[in-house]
Amino acid sequence: MNLQCCWRKDTISIEDCPFIEPGEESLLVSYDRRIVEKCLTCPRFASDLNEMDSAGVPSATLLKVLSTELLDLRVRLESMDGFLNSKTREIRFLHELSTVLQTSMDLDEVLSVAMTAITAGKGFGMNRAFLLMCDKDQQYLRGYLGVGPRTIEEAWHIWQEVEQTDLTLKEMAHYFQKNKLFSEKVKFQDILERLTVALDDHDHILTRSLYEKRPILVVEAFNNPLVSREFAEILGVDSFLIMPLISGNRKIGVMIADNFITQRAITHQDIQSIETFAFPVAFALVRASLYEQLHEEVEKLTLANRKLQEQQELIVKMEKMALVGRITSSIAHSIRNPLMVIGGFARSLLKSADVDDPKKEYLSSIIQEVRQLEDVLVEILNYSDSLYPVKDRWDLNQLLEDSCRDLQEKFAAADCGCRFELADDLPTVFIDYKQISYCVRTLLVASLENRSPGGEIVVSSRWWDNVVMLEIDDPHGNLTEDTWETMSPPFSSTQELGVAGVVGLPICRTILEKSGNSLTVERPQGGGMQYIIKLNLQKED
């Protein structure tokens, strides 16, 4: 027999076996390893077995059977090793995924992780994924997010970008959330808007998957009786996987995954892997949604608490102001009568005094100071009256015209004109006429006292959305907004009384705020001042 293989030798040289490659020199002296790794697949060994079988060697048949069985076991072991490696990678991936999902409370981050895991090559490797979520009322499934390429060119660009980076799943998800989440929503907006399904439509393939709590692999979608033609045209693909997202008995939504670009068939192993992944995603979405709702409720409670605190402070402030109002009203009424007597006698003496009487100057000074004290008393009494308004329905246009008419002398003294731009359809408003008239006149006086001569003041009225606007525009005004913002409430500190811009404006603000209205002072870009009174269209109490 002419045997060619080196299987009969315990130790061989490199020339004896041409199939031993560089780096495998240890097989030259390891007989068992050389038989298993090289001889079983060596054509010389097969030729030797055939030669021995032809020569009638009894062990040849046995060696053939054993070599065949060993080769079969070797293939099975290699296949099992590949399967175990694949499962190990999958377990590691799911472990990393679960770790990220368990530590995240942000809804966008959870969505980024989930959609990245579905479409990334390091994850499940699907080309596209769409997420539909149930609305708060549990009435509709609505398209929320889409991820993946829309063209082959875009797919190649994405794959090349992924190959150039070595990011973990968490890093990829963070990059997606920061740089691509919004753009992906916009990119698939046309598809997401059409992916709306009523949850009570039990015949739809999406709701069927959700109610039956199982994934559905759709093949030949355009000819599948379970899939509507319209839905298949929206996705534009013939095969896709529907995965329900359910946590306990709560329906979260569904995921749709497909291989739109590569057209690779979705395998049973893909379905099992994504189904294993679906539960932690659903749980994380529920937790993130609940955390988001809790955060909103905390913000609402914080805002309500702040408003309650402001109301309490306002009540205390109003009580103090009411006490001040009663005191000032009492003092004002006590001062008014003797003041009127002093002023009356001074005017009588002034009229009867001779032209060259030296006392005439003193009498004029007394009359001027009395007039200033009377103005102060008017402000004090107006403030006191603002605490107890008497409301009725009034025509605001008429109020504006009357207020400007009362100040004609002051307009003339300031060399200023007055122009009206009043709305014809202005409704009547339930207000205290005296209070609002006082506010308008005070704003006009403040404007006249803080402006350069000339020009005109525009008084206008308009309304929309249950709010009436009274505006006083003065292009020559120079009362700064900072001055307005720093003004303290009336009588809260030592102030110079009888000056409209110092005391009158805070009183106006107090009057309007107490009745649920507002006063703002603005500085237009072109210069000047603009006073705006906003009155709500309140009904009678």
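Here the structure is a predicted model, which means the values were calculated and not measured.
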| query | Around atom CZ of Phe188, are there more than 12 heavy atoms of other residues, nucleotides or ligands at under 6.0 Å? | reply | yes

| task | Report the C-alpha distance between Ile431 and Lys391 in whole Å, list the side-chain angles of each, state the deciding distance to 0.1 Å, and finish with yes or no for side chain to side chain contact (heavy atoms under 4.5 Å, CB included). | result | CA-CA 5 Å; Ile431 57 172; Lys391 294 185 178 182; 5.7 Å; no

| query | Closest heavy-atom contact between Ile533 and Val440? | reply | CD1-CG2, 4.4 Å

| request: Could you walk me through whether Arg523 and Met529 pass the side chain to side chain contact (heavy atoms under 4.5 Å, CB included) test, one step at a time? | output: CA-CA 5 Å; Arg523 299 186 62 189; Met529 296 302 303; 3.7 Å; yes

| request: Check whether any side-chain heavy atom of Ile472 lies under 4.5 Å from a side-chain heavy atom of Val458, and answer yes or no. | output: no

| task | Please identify each residue that fulfils salt bridge (Lys or Arg N to Asp or Glu O under 4.0 Å) with Arg462, with sequence neighbours left out. | result | Glu471

| said: Can you confirm whether Trp394 sits close enough to Asp432 that some side-chain heavy atom of one is under 4.5 Å from a side-chain heavy atom of the other? | reply: no

| query | Any side-chain heavy atom of Cys418 sitting closer than 4.5 Å to one from Leu444? | reply | no

| Of all heavy-atom pairs between Leu448 and Ala414, which one has the smallest distance, and what is that distance? | CD2-CB, 3.9 Å

| field | Neighbour count above 12 (heavy atom, 6.0 Å) for Tyr140 OH | value | no

| query | Can Leu373 and Ile335 be said to form a side chain to side chain contact (heavy atoms under 4.5 Å, CB included), step by step? | reply | CA-CA 9 Å; Leu373 287 175; Ile335 295 175; over 6 Å; no

| query | Near Phe345 CZ, under 6.0 Å, is it more than 12 heavy atoms from other residues, nucleotides or ligands? | reply | no

| request: With rounding to the nearest 0.5 Å, note down the distance linking CG in Leu199 to CG in Asp135. | output: 7.0 Å

| Geometric class of the His202/Tyr211 ring pair [parallel <30°, tilted 30-60°, perpendicular >60°] | tilted

| message | For the CG atom of Leu132 and the OH atom of Tyr144, what is their distance to the nearest 0.5 Å? | response | 12.5 Å

| task | Determine the minimum heavy-atom distance between Lys534 and Asn517, stating which atoms define it. | result | O-CB, 3.0 Å

| task | Inspect the surroundings of CD in Glu230 and state if more than 12 heavy atoms from other residues, nucleotides or ligands are less than 6.0 Å away. | result | no

Give every donor-acceptor pair under 3.5 Å between a side-chain atom in residues 397-405 and any protein atom, sequence neighbours left out.
| from | atom 1 | to | atom 2 | distance (Å) |
| --- | --- | --- | --- | --- |
| Asn397 | OD1 | Ser461 | OG | 2.8 |
| Asn397 | ND2 | Ala423 | O | 2.9 |
| Gln398 | NE2 | Asp402 | OD1 | 3.0 |
| Asp402 | OD1 | Arg405 | NH1 | 2.7 |
| Asp402 | OD2 | Tyr433 | OH | 3.2 |
| Ser403 | OG | Leu399 | O | 2.9 |
| Ser403 | OG | Ser437 | OG | 3.4 |

| note | Residue pairs passing the side chain to side chain donor-acceptor pair (under 3.5 Å) test with at least one member in residues 354-371, sequence neighbours excluded, are none

| Pairwise side-chain contact, Gln312 with Val316, heavy-atom cut-off 4.5 Å (strictly under) | no

| query | In Å, rounded to the nearest 0.5 Å, how long is the span from CG of Leu443 to OH of Tyr438? | reply | 9.5 Å

| Under 3.5 Å, is there a donor-acceptor pair between the side chain of Arg347 and the main chain of Gly343? | yes

Check residues 291-303 and write down every donor-acceptor pair under 3.5 Å in which the side-chain atom is one partner and the other belongs to a residue at least two apart or another chain.
| from | atom 1 | to | atom 2 | distance (Å) |
| --- | --- | --- | --- | --- |
| His295 | NE2 | Glu299 | OE2 | 3.1 |
| Thr302 | OG1 | Val298 | O | 2.7 |

| request: Measure from the side-chain N and O atoms of Arg128 to the backbone N and O of Gly148, and report whether any donor-acceptor pair falls under 3.5 Å. | output: no

| remark: NZ (Lys187) and CG (Leu192) are apart, to the nearest 0.5 Å, by 11.0 Å

| said: What's the separation between atom CG in Leu519 and atom CD in Glu513, rounded to the nearest 0.5 Å? | reply: 8.5 Å

| Given side chains that start at C-beta, do those of Ile256 and Phe231 come closer than 4.5 Å, heavy atoms only? | yes

| remark: Between Trp463 and Leu426 the two heavy atoms that sit nearest each other are CD1-CD1, 3.7 Å

| Least distance between heavy atoms, Leu470 atom then Leu535 atom | CD1-CD1, 4.1 Å

| note | Value for CE (Met133) from CE (Met255), rounded to nearest 0.5 Å, stands at 9.5 Å

Ignoring hydrogens and angles, write down the donor-acceptor pairs under 3.5 Å from the side chains of residues 243-251, residues two or more places apart or on other chains.
none

| task | Write down the atom of Val459, the atom of Leu422, and the distance for their closest heavy-atom approach. | result | O-CD2, 3.9 Å

| query | Taking only residues at least two apart or on different chains, which pairs with a member in residues 413-426 satisfy side chain to side chain donor-acceptor pair (under 3.5 Å)? | reply | Arg419-Glu421, Arg419-Glu456

| request: I would like to know whether Asp258 and Phe130 meet side chain to side chain contact (heavy atoms under 4.5 Å, CB included); could you show each step before the answer? | output: CA-CA 9 Å; Asp258 61 50; Phe130 297 98; 4.3 Å; yes

